[in-house]
There are 2 protein chains.
Amino acid sequence: MEPNLGLRDRKRLATRLRLEDAAVTLVLRDGLEHTTVDAISELADVSPRTFFKYFESKDAAILGLRQVEIAESELAEQCDRVAEHGLIECVIHLLLTVIGPPSTRLTMREDRLEILRRHPHLLTTQLAQFTQMTTEVTDAVAALVARDAHFAGGSSAELAASADLVLVLCGGAVRVAVKEWAEMNPTDADGAAEQLESRAISLAREVSVKLS
Amino acid sequence: MEPNLGLRDRKRLATRLRLEDAAVTLVLRDGLEHTTVDAISELADVSPRTFFKYFESKDAAILGLRQVEIAESELAEQCDRVAEHGLIECVIHLLLTVIGPPSTRLTMREDRLEILRRHPHLLTTQLAQFTQMTTEVTDAVAALVARDAHFAGGSSAELAASADLVLVLCGGAVRVAVKEWAEMNPTDADGAAEQLESRAISLAREVSVKLS
DNA sequence: ATGCATCACTGTAAAATTGCAGTTGTGCAA
DNA sequence: TTGCACAACTGCAATTTTACAGTGATGCAT
């Protein structure tokens, strides 16, 4: 699946998956509150200290939320699509790029949905993490908004405010699209990226039209 | 200022303000990383355990973020404005109601802005808390959206998705408006509520128009 | 004024999270 | 192959945060 990775990266990926599996397994078996970081780490054969090198919190491990770091070059590349496509399309594509493709392991996805049903407060964690991800691209979105014809001519402060709002709207659209996809599409995971992008764009468009 | 409070509530309010003052004072004096919850609690004359009865985290105390709990009745009352006003206006008014009026203590506001400048990561905390607040009114917003003429006729899932996006857009508008107000309006704190509402509405309207 | 229900406060212990320093394994070039 | 730079892993200590259980203060009806 991923043969183009060196030994170091393969080990790292394996450790992360082992931690995710351990977290999900133990939570389903013992319940969220009786599952400790120590137990997860032990089952995954790493020290508790290492656990936090992979995940920001226990919840993040259970949900499989990796921390993103974006290369400036990637962002700049994405930003050269404004002329051809619309602003909403560009921002959503940017967001989907940084959050990466959804997990292809169907069992895992089912298990996580079950955990989310049992512990709704995890939705808060998920939302917070997602929001944090989106803020990482704030500067890039500001640049995109500044180039858009509809927003041109505003003051610096106005542009910054507009960028902020465009970002939260598109981020929300992506979040809703991902959620719908996770809940409704148990079969193929191939066209996922395209489906997500298409759905998110139509959601954002629809709302902005109906609100104006 | 607030004579219509019993002894218990007055004491509680005083304790919260003492904790906020202690947190801000110590952070400005010793720096964020050298200020412990123990020190804050000691200066405020409560136990560290009590600290967490008032604030969810050290950061929340520094920023003065109180945890909100909304009465269902209040929400229902707000929701009866859809017919007369637009959807955006209603949702923003709802949000401003639940987050309450901004702090009127100017020194405190200045001090906190200074701390935010020195420790940008606190913005993440602030944003997360704000997002959490907004999600508390998800159901009420869903009801508002369902009543709105532009959104009527959609399926249940479509309505839920739309409500989600309307909420993040309005929430973002309020957040931007509050931020602008905190940074630019050192004088009167009286018309604050109206200014905030007006600014947030125009922000949300403008973006939805330009995006559509 | 009295009694009761409730809430605020506290101590203790356990779990979660972070910082620091040291060891080991990996990638890479000589 | 050897050696170096760096990343991953670990242990340890300190801090943050939560759960539980108990004590005292407050609000309120009588």
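Naming: A, B, ... by sequence-line order, numbering from 1 per chain. Because only heavy atoms are used, hydrogens play no part in the values below, and waters and symmetry mates are left out as well, while side chains stay in.
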B:Ser47 versus B:Thr50, side-chain donor and acceptor atoms under 3.5 Å = yes

When you measure from every atom of DNA chain C, which of residues 55-62 of chain A have a heavy atom less than 4.0 Å away?
-> A:Glu56, A:Ser57, A:Lys58

Taking OP1 and OP2 of D:dT10, is either one under 4.0 Å from a side-chain nitrogen or oxygen of A:Ser47?
-> yes

Looking at A:Arg112 and A:Ala61, what are the two nearest heavy atoms and their distance?
-> NH2-O, 4.0 Å

Heavy-atom closest pair (A:Phe55 atom, A:Leu19 atom, distance to 0.1 Å) is CE1-CB, 3.8 Å

Heavy-atom count around A:His121 NE2 within 6.0 Å, excluding the residue itself: above 12?
-> yes

Taking atom P of D:dA7 as reference, at what distance in whole Å does atom CZ of A:Arg8 sit?
-> 7 Å

If you draw the axis of the six-membered ring of A:Tyr54, does the NZ or CZ of A:Arg12 fall within 45° of it and under 6.0 Å from the ring centre?
-> yes

Just how far, in rounded Å, is P of D:dA7 from CG of A:Asp9?
-> 12 Å

Thinking salt bridges, do B:Glu20 and B:Arg66 make one under a 4.0 Å N-O criterion?
-> no

Crowded around B:Glu42 CD? As in, over 12 foreign heavy atoms under 6.0 Å?
-> no

Which part of the nucleic acid does B:Tyr54 contact within heavy-atom distance under 4.0 Å: base, sugar-phosphate only, or nothing?
-> sugar-phosphate

Qualifying residues under side-chain contact (heavy atoms from CB on, under 4.5 Å), relative to A:Asp9, sequence neighbours excluded | A:Leu5

For the residue pair B:Leu169 and B:Ala204, what are the closest heavy atoms and their distance?
-> CD2-O, 4.3 Å

Using heavy atoms and a sub-4.0 Å distance, could you list which residues of residues 32-39 of chain A are near DNA chain C? By number, please.
-> A:Thr35, A:Thr36, A:Val37

Heavy atoms of chain B, cut-off under 4.0 Å: which first and last nucleotide of DNA chain C, 5' to 3', fall inside that, if you could look?
-> C:dT6 to C:dT12

Please report the C-alpha distance between B:Leu116 and B:Gln126 in whole Å, then the side-chain angles of each, then the deciding distance to 0.1 Å, and finally whether the side-chain contact (heavy atoms from CB on, under 4.5 Å) criterion is met.
-> CA-CA 10 Å; B:Leu116 275 173; B:Gln126 199 174 30; 4.0 Å; yes

In whole Å, what is the span from the CZ atom of A:Phe51 to the P atom of D:dA8?
-> 17 Å

To the nearest 10 degrees, how far apart in direction are the end axes of the helix from C:dA1-D:dT30 to C:dA30-D:dT1, each fit to five base pairs?
-> 30°

If you pin A:Pro48 and A:Lys53 to their nearest nucleotides in DNA chain C, which one's is more 5'?
-> A:Pro48

Value in whole Å for how far the P atom of D:dT15 lies from CG of B:Asp30 = 13 Å

Are the charged groups of A:Lys179 and B:Asp164 less than 4.0 angstrom apart, N to O?
-> no

Phosphate OP1/OP2 of D:dA8 contacted by A:Arg12 side-chain N/O (<4.0 Å) | yes

Rounded off to whole Å, could you give me the CG-to-C1' distance for the A:Leu7 and D:dA7 pair?
-> 13 Å

side-chain contact (heavy atoms from CB on, under 4.5 Å) with B:Asp139: which residues, sequence neighbours excluded?
-> none

